[in-house]
Amino acid sequence: MNNKEIAAFLGQLADYLELSGANAFRVNAYRRSARAIENQRINLAEKIDDLESIPGIGKGIAAMIRERVTTGQSSTLEECKSKLPPELPLLLKIPGLGPKSIAQLYQKLGITNIAELKQAALEHRIRPLSGFGPKKEEKILAGIETLSTRRNRYLLSEALQVAIHVKKELSTHPLIKQIEYAGSVRRQKEIIKDLDFVIATHHPAEVQKAIITLPEVIDIINQGETKVTVRLSMNDLEIDADFRIVIPDSYASALHHFTGSSEHNIQIRRQAKQLGYKVNEYGITDDQTGELLTFSDETTFFHHLQLPYIIPELREDRGEIAAALTNTLPKTMEQADYLGDLHTHTLYSDGAHSILQMVEAAKAKGYHFLAITDHSRSLKVASGLSIDDLYEQWEEIDRLNEALDDFTILKGSEVDILSDGTLDYPDDILAQLDIVIASVHTSMNQDEKTMTERMIRAMQNPYVHIIGHPTGRVLLRRDPYAVNIDQLFQAAKETGTILELNANPLRLDLNDQHLKKAKDEYQLRFTINTDAHAIPQFDLIEYGIRTARRGWLEKEDILNFHPWSEAKQWLKTSTVSSK
DNA sequence: GCCGTTTTCGGCCCGACTGTTTTCAGTCG
């Protein structure tokens, strides 16, 4: 049983407890413990006797985890399940419905699932309950409809496009002093549910009017004095957006507050409390004097809490406050220092541009090197290169390299890992390449043992330098391969194989949490590449770099931030290598 | 249920908005 499963188990307990009217702090204790476990570096099953050393886990929860891990059962969970219908927690997903309302619906009307709730609402049977009325009834019906029909998860790249556009539209407004998108988009999370904006103005009423009359607004969901929620439609994409309006003095605090994450904010407020302060979206209040302090920017806000500036990407309550207190935050990498892409495709396989065109685009971005890594021969759907094609490509690269100063084109391949873990080119061919990325593109449904062994076998090949998109997920479309990530990392460590962070916003693979784990527990090294199939995709590197920041990586950990003469020393060396 | 430079009890982050109320509970972020 892995940490994720244990965390899910505790989350399930929290849901049931909440629905049965348990003390909110007790419920919260379960949720906190679930979160603490998700962030644990060590597999809990191996730490089963020492669970109480994890902050947030005491005797009670530790005992429940032990029972669940060792027996596969949980008497507490069984008891909860025997008292409440199994589908009741699903009602928590309906917007506007919380534990109190659901408990009442169950107790008074015997509602146990969404279908029954819908029926009761349509028959106006929920109206007489205390706290319910016609509007609530309508809201519930709308919520059920939304749940079943509307898309409410977006790629970072999709959400960011809307956020940037709206920010630009409003920033020209004469009464808006400052505007920024906040929330998960600013933290660069890979999947976004809704947008958040913070606006500084002395004229909230006029600004509100400007917001609700934006051409993208198709629905006004909430409207208060300082907060308005709307539904936006742009590029065939509909997404909710919260706007928070504050006076300019409060802007920095509000920006921090609405950037979150909420778990990060809780930790910030705890830190503040220890210093005798109270933090809210308007500023920091001194407990002694009652004075509200405001800040010109987030940096001075953090400094007042005796912390260095923490970049938004790190604000996930994964230890950033503790690291800030000890000055051990990762050094922030900048895109300007990225020296070259090591995973790109050209017309030779399924790319859209020639080698020369790709090289010119790379030079224009200020790169110093570029690896051409077209697909290998068996990947027919992507026009994989035969060995003869490869020879032809090498000649072209040699010719181009001769004409280039201060730029190096590397001969590479994204070679397929065949279903048995062997590679799609023979070793004598691989040995002649500057850079070999091995990737899985076929038989993606193998069981965990088979897939893990397959990938490890590929890493054991002395000519494989990098594993491309190691988990194979495609966000919102395809699950990762069934691969044992710890075994994969261990093998990478033993074989000296570098793991890729594929920067395409559909992949972001490895993800932030994997990166942190791979660095902390296995001291691995990484490469960030776009996998560009066309020139504009070079720009996707920004998603990779920001995901790497979320994974607590630093320049030093990443191949692409080093000059090629240095970077190539990182690659696995083989005695038969011709290089 | 967890926790302690406020230490074994009594707190636990903080505020906006809605829809229901007749002063506020519930939900959300």
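Not measured: the values here are computed from a predicted model. Chain naming here is simple, since letters A, B, ... match the order of the sequence lines and numbering starts at 1 in each.
At the heavy-atom level, A/Phe258 lies nowhere under 4.0 Å from the strands shown. If you check every strand for non-hydrogen atoms under 4.0 Å, A/Ile266 touches a base. At a threshold of 4.0 angstrom between heavy atoms, the contacts of A/Leu97 are confined to the sugar-phosphate backbone, with no base atom among them. Using a 4.0 Å heavy-atom distance criterion, A/Gln223 is classed as a sugar-phosphate-only contact. Residue A/Lys139 is classed as having no contact, given no heavy-atom separation below 4.0 Å to the nucleic acid. The residue A/Ile57 sits close only to the backbone: its heavy atoms come under 4.0 Å of sugar-phosphate atoms, none of a base. Among the heavy atoms of the strands lying under 4.0 Å from A/Asn222 are primed sugar atoms or P, OP1, OP2 only; no base atom is included. The residue A/Val27 sits apart from the nucleic acid: no heavy atom pair falls under 4.0 Å. A/Gln267 comes within contact range of no nucleotide atom at all, as no heavy-atom separation falls under 4.0 Å. Nucleic acid contact for A/Ile94: sugar-phosphate only, since backbone atoms but no base atoms lie under 4.0 Å from a heavy atom of the residue.
Of all nucleotides listed (B/dG29, B/dG1, B/dC14), B/dG29 comes nearest to the side chain of A/Asp196.
With the nearest nucleotide of DNA chain B identified for both A/Glu281 and A/Ile61, A/Ile61 has the one nearer the 5' end.
With A/Tyr543 as the aromatic partner, A/Arg546 meets the cation-pi criteria of under 6.0 angstrom to the ring centre and within 45 degrees of the ring axis. Note that A/Arg127 lies outside the cation-pi zone of A/Phe132, set by a 6.0 Å cut-off to the ring centre and a 45° limit from the axis.
Side-chain contact, A/His256 with A/His264: a donor N or O sits under 3.5 Å from an acceptor N or O. Under 3.5 Å, the side chains of A/Glu116 and A/Thr112 contain a donor-acceptor pair of N or O atoms.
Look at CG on A/Asn152: it is 14 Å from P on B/dC28, rounded to the nearest Å. The distance between atom CG of A/Asp317 and atom P of B/dG29, rounded to the nearest whole Å, is 19 Å. Distance, A/Asn23 CG to B/dG10 P: 15 Å, rounded to whole Å. In this structure, CZ of A/Phe25 is placed 16 Å from P of B/dC3, rounded to the nearest angstrom.
Taking only side-chain nitrogens and oxygens, A/Lys273 comes nearer than 4.0 Å to OP1 or OP2 of B/dC12. The phosphate of B/dG15 has OP1 or OP2 within less than 4.0 Å of a side-chain N or O from A/Asn280. For the pair A/Lys227 and B/dA16, the criterion of a side-chain N or O lying under 4.0 Å from OP1 or OP2 is not met. In this model, the phosphate group of B/dC12 is not approached by any side-chain N or O of A/Tyr30 to a distance below 4.0 Å at OP1 or OP2. The phosphate of B/dC17 has OP1 or OP2 within less than 4.0 Å of a side-chain N or O from A/Thr226. Proximity of A/Lys136 to the phosphate of B/dG26: no side-chain N or O atom is located under 4.0 Å from OP1 or OP2. Applying the 4.0 Å criterion to OP1 and OP2 of B/dT27, one finds that A/Ser101 has a side-chain N or O inside that range.
Each of A/Arg153, A/Lys193, A/Arg151 was evaluated against A/Glu158; a single residue qualifies, A/Arg151, per the salt bridge (Lys or Arg N to Asp or Glu O under 4.0 Å) test.
Using a 4.0 Å cut-off between a side-chain N of Lys or Arg and a carboxylate O of Asp or Glu, A/Glu281 and A/Arg244 qualify as a salt bridge.
One C1' atom belongs to B/dC17, the other to B/dC12, and the distance between them is 24 Å to the nearest Å. Atom C1' of B/dT8 sits at a distance of 10 Å from the matching atom of B/dC3, rounded to the whole Å. The separation of B/dT22 from B/dC14, taken at their C1' atoms, amounts to 26 Å, rounded to a whole angstrom.
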